[in-house]
Amino acid sequence: MIVDRGNDFPQAMEDKLLSYGADMWHFRDHGDRGTSRALISYRGDHLGFKRFP
């Protein structure tokens, strides 16, 4: 899974994700902006989007 990590990405969240196994995550760093608060998912031809507060 790809995680776009902005300059405000919480360390606690990274630690939690890594606890499931480091091999399943690819972090893309974006130090020039904040982290977006949404999940974009693909299942076959269906694109899903869920916004988080």
Side-chain angles (χ1 to χ4, degrees):
M1 184 173 295
I2 298 170
V3 178
D4 286 320
R5 182 170 46 189
N7 57 18
D8 60 348
F9 194 82
Q11 184 63 49
M13 177 61 69
E14 181 177 343
D15 295 342
K16 182 68 173 177
L17 293 174
L18 292 174
S19 75
Y20 294 105
D23 292 343
M24 66 185 296
W25 309 105
H26 174 74
F27 292 97
R28 294 190 301 192
D29 290 323
H30 301 281
D32 60 331
R33 63 180 184 205
T35 303
S36 55
R37 305 285 192 240
L39 170 68
I40 300 171
S41 61
Y42 299 91
R43 292 184 184 218
D45 293 335
H46 179 73
L47 170 65
F49 181 83
K50 181 176 180 180
R51 184 179 302 233
F52 295 96

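Position 1 is the first residue of the sequence, and the numbers go up from there.
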Spatial distance of atom OG1 (Thr35) from atom CG (Asn7) [nearest 0.5 Å]: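 Between Thr35 OG1 and Asn7 CG, I get 7.0 Å after rounding to 0.5 Å.
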Rounded to the nearest 0.5 Å, the NZ atom of Lys50 sits from the OG atom of Ser41 at a distance of 10.0 Å
Could I get the full list of side-chain hydrogen bond (donor to acceptor under 3.5 Å, both in side chains) partners for Asp4, not counting sequence neighbours?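 Per chain and number, Asp4 pairs via side-chain hydrogen bond (donor to acceptor under 3.5 Å, both in side chains) with Arg28, His30.
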Around atom CE of Met1, are there more than 12 heavy atoms of other residues, nucleotides or ligands at under 6.0 Å? no
For atom CZ of Phe52, is the number of surrounding heavy atoms from other residues, nucleotides or ligands below 6.0 Å larger than 12?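 Result for CZ/Phe52: enclosed.
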Quick one: salt bridge (charged side-chain N to carboxylate O under 4.0 Å, His left out) partners of Asp8, sequence neighbours excluded? Arg37
CA sep, side-chain torsions, deciding dist, call: Trp25, Ile2, side chain to side chain contact (heavy atoms under 4.5 Å, CB included): CA-CA 6 Å; Trp25 309 105; Ile2 298 170; over 6 Å; no
Which pairs, with at least one residue in residues 10-19 and sequence neighbours excluded, count as a side-chain hydrogen bond (donor to acceptor under 3.5 Å, both in side chains)?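 Passing the test, one end in residues 10-19: Arg5-Glu14, Gln11-Asp15.
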Considering only heavy atoms from C-beta outward, does the side chain of Phe9 approach that of Asp29 to under 4.5 Å? no
Kindly write out the residues that satisfy side-chain contact (heavy atoms from CB on, under 4.5 Å) with Ile40, not counting sequence neighbours, or none if the list is empty.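 Expected list: Tyr42, Leu47, Phe49.
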Hydrophobic clustering (ILVMFWY, side-chain heavy atoms < 4.5 Å, transitive) - are Leu39 and Val3 grouped together? no
